[in-house]
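The block underneath contains the structure these notes are about, expressed in structure tokens.
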Amino acid sequence: MTAIWRRELQAYFHTAVGYVAMGVFLALSSVFFFLEILQQRSSDLLTFISLMSYLWMLLCPILTMRLLAEERQKHTDQLLLTSPVSLVSLVVGKYLAAVTVLAATVLLTGVYYLVVAVYGAVYPGELLTGLTGFFLQGCAFAAVDLLVSGMSRSAVSAAVAALGVNFALWMMDLLADTVPVWLGSVLSFLSLYSRNEPFLMGQFSFASVLYDLSVAVLALACAVYVLDRRRRA
Amino acid sequence: MIELRHVTKRYGAKEALRDVSLTAPDGCVLGLLGVNGAGKTTALNLMTGYFPPDGGQVLVDGRDMQEDPRGCKRAIGYLPEVPPLYDEMTVREFLAFVARLREVKARGIPAHIRDIAGLCGLEEVFHRPLGKLSKGFRQRVGFASALCGDPPTLIFDEPTVGLDPRQVVEIRELIRTLGKTHSVIFSSHMLSEVQQLCSQVVILHRGRVVKQAALGELSGGGELLLRLEAAGPAARLVPALKGLPCVRRLRVTQGSRPDLTGCVLTCDAAPDPARGDAQTQIFRLLCALDMPLRLLAPEGDSLEEVFLRLTRGEEEGETP
């Protein structure tokens, strides 16, 4: 698993993928920072984090698109699947590489909080809670998009499909208010965005942590299943 | 030793392998022969655990690939038809990655990949990105990756396809070298390649094994066909040749020049422990007769004849 994790991490920064993903995220988040914090003369970092969380929809497909789809497209999966490495290690190794880049991206947003700390007030407990939810939400998106990559034939189709799935997850949240109450509650219960709300109010929610981790584990298990089914087909 | 036992593999409705049983013994170079679509690549992919069979068993040193995939895969190095390489990595990075995948201890990796790179002739491109290498070097990197972790068995799928003639010669030489220290299984549809490199041959046709035998046995049932031309009268040469214990049959033919006597000899393929092989015995006889030898070469291609006969479907029901 370590070998896979290390290779994928190298691949992010040997190619433009890692730089593009982090660059796009930081560029867009700096626009949010300017509009929400600097222009408003506000130190409300939780609102800023809630805006940034929509960027996972864009960043995660870029990070995960080639992880499994490209192995299949370029037949490099032959090397991995004929090595003494289990499918679980293969999928988890790749996932952890994507999560490492997510974590690095979250760390880089620290610059924003430092700026706010210099000119205003930052509440560390509230900020850490918000960032935990933000990071866990990114981990859940990355796992879902990795599953999409495992089901796709090429990196490009994986990216497009993952964007579609992420958009659908977001829409699910919006639709919750327009459908019958019972359906709305189901959609809200399943929504990755609704589940993040306690964190964005500064409350640490074990239920939300468990939910994000469950989504990630379920998506990874499905990715392992998809790869195994394809081997047997 | 790798063994396929009654293995079946289907791709949808198409049956790629049907009740295939074959054995690749330790210490031999085994050639898997067959026309395109015969099931060679499928058989190799099953041996390496790339995918599981729909029926039957794949055994590596007696262990079932389904029950102990990690143990089985540790014992096998595989080079598919297109080497699976990551173009953005350098040769060094790639081999280090494969060594880690194959559970080589971290401290030993630099020396291990240096040794492998030396064996495969990769020193000059060791720090170059894989995406910038020629096809021949990419193939060599594929060989090197198969060697990572020192697996006792190496499997190559059509290792010389698409290479230029010089690269083909180099790769064959590399396989010959590796065959001295490893068990090697490789697929090919080139009979000459199999004849040059293999000690055992398996012929696959339409997803079934139609023949498994030692190369000598397959090439004419222990017989060797030789064309000979020597300077001197036939009346003196022919009786002397017939007297050799290794000569089974003899047919006199026209020499390429009027002063030469020609003949086609059917000899024992297996060498006599005391007198040597057929060519040695004939050469000594001609020296004794003081008849200068002008030509002594294998005649025809009996493996080709066997292959064509088997893959025309005449012996489709035959099993090894």
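Sequence lines set the chain letters: A, B, ... in the order given, protein chains first and strands last, and positions in each chain run from 1.
Aromatic rings of A/F204 and A/F206 (six-membered ring for Trp) have centroids within the 6.0 Å cut-off, being under it. When ring centroids are compared, A/Y112 and A/F48 come within the 6.0 Å threshold.
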Subject >> Pair B/V141-B/L85, side-chain contact (heavy atoms from CB on, under 4.5 Å): steps then yes or no >> reply: CA-CA 8 Å; B/V141 176; B/L85 308 178; 3.9 Å; yes
Original post:
Do B/I2 and B/L59 pass the side-chain contact (heavy atoms from CB on, under 4.5 Å) test, and can you show the C-alpha distance, the side-chain angles, and the key distance before you say yes or no?
Top reply: CA-CA 6 Å; B/I2 297 184; B/L59 301 172; over 6 Å; no
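Neither the backbone nor the side chain of B/L79 comes within less than 4.5 Å of any heavy atom in chain A. When heavy atoms are compared at a cutoff of 4.5 Å, B/P69 does not approach chain A at all.
A/M1 places none of its side-chain heavy atoms less than 4.5 Å from the side chain of A/Y95.
When all heavy atoms of A/S149 and A/L67 are compared, the closest pair comes out as OG-N, 3.9 Å. Pairing each heavy atom of B/V104 with each of B/G149, the nearest pair is CG2-CA, 3.6 Å.
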Please tabulate, one pair per line, the donor and acceptor atoms of chain B and chain A that lie under 3.5 Å from each other, or say none if there are none.
from	atom 1	to	atom 2	distance (Å)
A/R7	NH1	B/E88	OE2	3.0
A/E71	OE1	B/Y86	OH	2.8
A/E71	OE2	B/Y86	OH	3.1
A/D77	OD1	B/Y50	OH	3.3
A/D77	OD2	B/Y50	OH	3.1
A/L81	O	B/K73	NZ	2.7
A/P84	O	B/R70	NE	3.4
A/R231	NE	B/Y50	O	3.1
A/R231	NH2	B/G49	O	3.2

